[in-house]
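All remarks here apply to the structure that follows.
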Amino acid sequence: MPRSRATMKGVPGDAARRRGLRRVLVPVACFGVVFGFGVGLAVGGVGALPWWVGVAVLALAFAGFLAYCRRQPTLVYGYFKGARGEEMVAGELAHLPASWTILNGVLLPDGRDVDHVAVGPQGIFVIETKHWSGEVSVAGAQILANGRPLERSPVEQVRRAVNAVARAAEVRPDALHGVLCFAGPQFADTPTHADEVFVCSYLDLVSAISLGPAVLDAAAVARCVARLGALTLTEGL
């Protein structure tokens, strides 16, 4: 039976989950080292240091660990929420026709990771996914969160990703398109452009990228997929 849906490669959200886990495990390991040092000082002392220095180290480490535990869950949640957003977008991209290939979690030689690259007759779409809270809108070339401009522009992030993919995969610049896609209900506007980057809700993504004119034939699509597939793809935890 012929395949009727896009080919999916890589694991969506894997890079975000890994960053979230590192954000938890690295500080915990550091606290463990400090606790061990403090216990060693308190029990047996080290050189000329008295036992009470160890007790002070333990008290400071414990206070720092409590502060870390209060703050860290919110930060880590953001990574896993982002991973969930990438899964939602990948689920929509899977509905593209069989002429498309979706590469999730593309790790480029410069260390940059790209959430999704969709390759099909309509071109190569470099997609960065955001899964934010609040209301998101577009004003000119700016992305507004709850009516206020952001300090770090996600539009610029998409443009850098497009340039990185172009360098790494040696693909035609005119066939490359940058997409900023919002998972969830936070983006209420109609699909639009911000400084040449297409901005949309994940629910509008498939129709927006698949209805344009064909610019790549089947052979060109296969070459692009082969070049991009030669890059490292995330494989899950």
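Throughout, residue positions are numbered sequentially from 1 according to the sequence presented.
One hydrophobic cluster holds both Phe31 and Val28 under the rule that ILVMFWY side chains link at heavy-atom gaps under 4.5 Å. Cluster membership check: Val26 does not share its hydrophobic cluster with Leu21, using side-chain heavy-atom separations under 4.5 Å among Ile, Leu, Val, Met, Phe, Trp and Tyr. Val34 and Leu60 end up in different hydrophobic clusters when Ile, Leu, Val, Met, Phe, Trp and Tyr side chains are linked at under 4.5 Å. Linking ILVMFWY residues whenever their side-chain heavy atoms come closer than 4.5 Å, directly or via other members, places Val39 and Phe62 in the same cluster. Clustering ILVMFWY residues whenever any of their side-chain heavy atoms sit less than 4.5 angstrom apart, transitively, puts Leu66 in the very cluster that holds Val24.
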**Study point:** side-chain contact (heavy atoms from CB on, under 4.5 Å) assessment of Asp113 paired with Val106
**Key:** CA-CA 5 Å; Asp113 66 86; Val106 180; over 6 Å; no
Exercise for review: Walk me through it: do Gln122 and Val215 pass the test side-chain contact (heavy atoms from CB on, under 4.5 Å)?
Suggested key: CA-CA 5 Å; Gln122 281 71 32; Val215 297; 5.6 Å; no
Exercise for review: Begin with the C-alpha distance, continue with both residues' side-chain angles, and end with the deciding distance and a verdict on side-chain contact (heavy atoms from CB on, under 4.5 Å) for Val199 and Phe187.
Suggested key: CA-CA 9 Å; Val199 185; Phe187 186 72; 3.8 Å; yes
Exercise for review: Check the pair Val197 / His177 against side-chain contact (heavy atoms from CB on, under 4.5 Å), numbers first and verdict last.
Suggested key: CA-CA 7 Å; Val197 171; His177 309 278; over 6 Å; no
Check your understanding: Step by step, would you call Glu135 with Arg148 a salt bridge (charged side-chain N to carboxylate O under 4.0 Å, His left out)?
Key -> CA-CA 10 Å; Glu135 183 177 310; Arg148 303 179 64 178; over 6 Å; no
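Without hydrogens or angle criteria, Asp14 side chain to Gly10 main chain gives no donor-acceptor distance under 3.5 Å. In this structure, the side chain of Arg5 does not engage the main chain of Ala98 through any donor-acceptor pair within 3.5 Å. Side chain of Gln186 to backbone of Ala183: a donor-acceptor contact under 3.5 angstrom is found.
Atom CG of Asp204 sits about 8.5 Å away from atom SG of Cys181, to the nearest 0.5 Å. Here the straight-line distance linking atom CZ of Arg84 with atom CZ of Arg17 works out to 10.0 Å at 0.5 Å rounding. For the atom pair CZ (Arg223) and CG (Leu228), the distance works out to 13.0 Å, reported to the nearest 0.5 Å. The CE atom of Met88 sits 7.5 Å away from atom CG of Leu203, with the distance rounded to the nearest 0.5 Å. We find the SG-OH distance between Cys30 and Tyr68 to be 9.5 Å, quoted to the nearest 0.5 Å.
The minimum heavy-atom distance linking Gly54 with Leu41 is given by the pair CA-CB, 3.3 Å. The shortest non-hydrogen separation linking Ser99 to Val221 is O-CG1, 4.0 Å. Across all non-hydrogen atoms, the minimal contact from Ser201 to Gly184 is OG-O, 4.3 Å. The heavy-atom pair separating Ala194 from Val155 by the smallest distance is O-CG1, 3.4 Å. The shortest heavy-atom contact between Pro154 and Trp132 is CG-CH2, 3.9 Å. In terms of heavy atoms, Leu58 sits closest to Phe35 at CD2-O, 3.5 Å.
Taking the six-membered ring where tryptophan is involved, the planes of Trp100 and Phe125 are tilted, since the angle between them lies from 30° to 60°.
Ring-centre distance between Tyr202 and Phe182: not below the 6.0 Å cut-off.
At least one side-chain heavy atom of Ile124 sits less than 4.5 Å from a side-chain heavy atom of Leu216. With a 4.5 Å cut-off on side-chain heavy atoms, Glu128 and Val114 count as touching. Here the side chains of Val126 and Leu176 are in contact, with some heavy-atom distance below 4.5 Å. Contact of the Ile209 side chain with the Leu93 side chain is registered, since non-hydrogen atoms from C-beta on lie closer than 4.5 Å. Between Tyr79 and Arg23 there is a side-chain heavy-atom pair separated by less than 4.5 Å. Two residues are said to be in side-chain contact when any heavy atoms from C-beta on lie closer than 4.5 Å; Asp115 and Asn104 fail this criterion. For the pair Thr7/Ile102, no side-chain contact is recorded, criterion being any heavy-atom separation below 4.5 Å from C-beta on. Between Leu144 and Val136 there is no side-chain heavy-atom pair separated by less than 4.5 Å.
Counted within 6.0 Å of CD on Glu156, heavy atoms from surrounding residues, nucleotides or ligands total more than 12; the atom is thus considered enclosed.
When each of Arg152, Arg112, Lys130 is checked for a side chain to side chain donor-acceptor pair (under 3.5 Å) with Gln157, only Lys130 meets the rule.
Salt bridge Glu86/Lys81: absent, no basic N to carboxylate O contact under 4.0 Å.
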